[in-house]
Amino acid sequence: MNTTHFQKWASDKPKILAAICHSFADSASSAHKLLLNVRDDALLQQHFTQPSLQEWLSFYSKHRNILQPVAELLGHSGSFTGTLFDRITAPQSNFNPTTTEDLEIELDKLTRETSGMDYFSCYLGLLEDDVPAADETLVKKCEPAMYFALKVFIPCWLYYGKTPGHLLREARQKNLKSLEQLILLDSSIIFEKKVSKIIHDLRGTNQFQFEKLITAQWRHPRKEYLASKLKGLFAGKIAAFSDFYGRRLTAPEIRELYDAMARDNKEGEIDTQLPESDEAFKKTIQREKKFWEQI
């Protein structure tokens, strides 16, 4: 992991804050890759057995049934780390570097540790069989929830900023935009009792909307500008976390972080997937920051 330019960006900032923000910024790229991968049903079916319709639809009303076993599986595989937060809250911090070289070593270590906070990379690892051997019973128990999390829950949250249950509630209230968004992610939702009635009734009252919803089964959410959207989303997360930490990062500082990471990754001198104008980027951060603050 080359962090030369990131080190320069972080030189006048609290090191733990800098390392965590690096992880958040990096999450945008792994989230983008994950969303593109899970569009492929064949790839998911290589790793997971499709649950029954009854169990699948039950996840819409019982999100705990998804999150708890998923967290258990990822925790068992060692993908999540609590050591960083132990160090943040420890009465006596070990973070006492005395020279510039010590600072660089410590920051590099922190940056590597916080890479475990990039949960989207953890999910990608599951699709790439990059999980240490675990209890087969645990893996089998988590399989239906993980399938739903990858196929519906995570994409719904990243694309629309809502949980699947929230979107389904809107769809049941005949919000056709929400219903179309849901079908784009999960065609099985058309078998949900209230949803199937809404679609059936549209056949006789609004043929255009009926056909639009039916054909949504073979389409996906638009991927144009998706990378840019996700970077804006996580820029908002960086801003929200820096406020919480007590050292607010400004929009220019967050842009400089993305630019530094682009140089470290040999992607160019600047990150071209961010809004070009500073004002547009500032507005993006303000909008997305509200999303993270309400979670």
Side-chain angles (χ1 to χ4, degrees), residues 2-14 17-39 111 114 117-121 154-163 166-167 170 175 177-178 180-181 184-185 219-295:
N2 178 24
T3 60
T4 304
H5 294 94
F6 166 66
Q7 295 266 2
K8 293 178 182 177
W9 176 86
S11 61
D12 61 345
K13 299 170 183 67
L17 171 65
I20 291 175
C21 289
H22 183 283
S23 176
F24 289 161
D26 210 30
S27 291
S29 297
S30 49
H32 181 241
K33 184 178 179 182
L34 179 67
L35 286 180
L36 294 182
N37 280 355
V38 299
R39 296 163 82 97
T111 304
T114 53
M117 295 171 61
D118 181 359
Y119 301 158
F120 304 102
S121 287
I154 296 170
C156 188
W157 180 62
L158 289 174
Y159 279 118
Y160 309 130
K162 299 176 182 178
T163 64
H166 186 172
L167 212 57
E170 293 177 346
N175 183 324
K177 179 181 179 182
S178 295
E180 182 183 7
Q181 289 176 333
L184 289 171
L185 293 177
R219 293 184 280 119
H220 295 284
R222 293 181 61 182
K223 63 181 179 180
E224 293 84 357
Y225 311 112
L226 179 58
S228 178
K229 177 184 182 300
L230 290 171
K231 288 192 175 181
L233 179 68
F234 284 94
K237 184 173 187 177
I238 291 168
F241 180 77
S242 70
D243 282 354
F244 169 79
Y245 191 88
R247 183 355 187 137
R248 173 173 292 185
L249 294 176
T250 64
E253 287 178 313
I254 296 173
R255 181 188 289 277
E256 288 166 4
L257 168 61
Y258 276 106
D259 289 344
M261 291 175 66
R263 290 193 289 275
D264 284 336
N265 295 332
K266 301 187 184 305
E267 296 170 349
E269 285 300 303
I270 63 171
D271 191 324
T272 57
Q273 293 176 326
L274 300 179
E276 289 187 10
S277 78
D278 291 337
E279 185 62 27
F281 188 48
K282 182 178 179 180
K283 288 181 178 178
T284 296
I285 290 175
Q286 290 172 341
R287 181 181 65 249
E288 302 299 355
K289 182 181 172 184
K290 292 177 182 177
F291 167 72
W292 295 104
E293 288 174 341
Q294 67 187 6
I295 292 179

CG of Leu158 to CG of Leu226, rounded to nearest 0.5 Å, is 8.5 Å
Trace of the side chain to side chain contact (heavy atoms under 4.5 Å, CB included) decision for Leu36 with Lys33
CA-CA 5 Å; Leu36 294 182; Lys33 184 178 179 182; 5.9 Å; no
Grab the two heavy atoms, one from Thr284 and one from Gly232, that are nearest each other, plus how far apart they are.
CG2-CA, 3.7 Å
Take Ser228 and Leu274 through the side chain to side chain contact (heavy atoms under 4.5 Å, CB included) test and state the conclusion after the steps.
CA-CA 6 Å; Ser228 178; Leu274 300 179; over 6 Å; no
Specify whether Phe281 and Tyr258 have parallel, tilted or perpendicular ring planes, treating 30° as the upper limit for parallel and 60° as the lower limit for perpendicular.
perpendicular
In the structure I gave you, are the side-chain heavy atoms of Thr163 and Trp157 within less than 4.5 Å of one another anywhere?
no
Side-chain donor/acceptor of Ser23 to backbone N/O of Ala19, under 3.5 Å:
no
So for atom CD, which belongs to Glu224, do other residues, nucleotides or ligands contribute more than 12 heavy atoms lying within a distance under 6.0 Å?
yes
Starting from the C-alpha separation in whole Å, work towards a yes-or-no answer on side chain to side chain contact (heavy atoms under 4.5 Å, CB included) for Lys8 and Arg263.
CA-CA 12 Å; Lys8 293 178 182 177; Arg263 290 193 289 275; over 6 Å; no
Rounded at 0.5 Å granularity, tell me how far CG in Leu233 sits from CD1 in Ile285.
11.5 Å
Taking all heavy atoms of Pro14 and all of Arg247, pick out the closest pair and write down the distance.
CD-CG, 3.7 Å
Minimum heavy-atom distance between Leu167 and Lys162, given as atom pair plus value:
CD1-CD, 3.8 Å
Taking all non-hydrogen atoms of both residues into account, name the closest pair between Phe234 and Ala31 and its distance.
CE1-CB, 4.2 Å
Straight-line distance of Leu35 CG to His220 NE2, nearest 0.5 Å:
12.0 Å
Check Arg255 against Pro275 and note the closest heavy-atom contact, atom names and distance.
NH2-O, 2.7 Å
Please verify the inter-ring angle class for Tyr245 with Phe241; under 30° counts as parallel, over 60° as perpendicular, anything in between as tilted.
tilted
Beyond-backbone contact of Pro155 with Tyr160, side-chain heavy atoms, under 4.5 angstrom
no
To the nearest 0.5 Å, what is the distance between OH on Tyr159 and CG on Leu185?
7.5 Å
Distance, nearest 0.5 Å, that separates NE2 of His22 from CH2 of Trp9
9.5 Å
Report yes or no: is the cationic atom of Lys289 (NZ for Lys, CZ for Arg) closer than 6.0 Å to the six-membered ring centre of Trp292, at no more than 45° off its axis?
no
More than 12 non-hydrogen atoms from neighbouring residues, nucleotides or ligands closer than 6.0 Å to NZ on Lys13, yes or no?
yes
Please check if the side chain of Asn2 supplies one atom and the backbone of Thr4 the other of a donor-acceptor pair under 3.5 Å.
yes
Inter- and intrachain pairs under salt bridge (Lys or Arg N to Asp or Glu O under 4.0 Å), touching residues 264-275, at least two apart
Lys231-Asp271
Rounded at 0.5 Å granularity, tell me how far CD in Gln273 sits from OH in Tyr225.
12.5 Å
Stepwise, does the side chain to side chain contact (heavy atoms under 4.5 Å, CB included) test hold for Ser242 with Leu17?
CA-CA 7 Å; Ser242 70; Leu17 171 65; 4.2 Å; yes
Does a salt bridge link Glu253 with Arg248, judged by any charged N lying under 4.0 Å from a carboxylate O?
no
Electrostatic pair Glu288-Lys283, nearest N-O below 4.0 angstrom
no
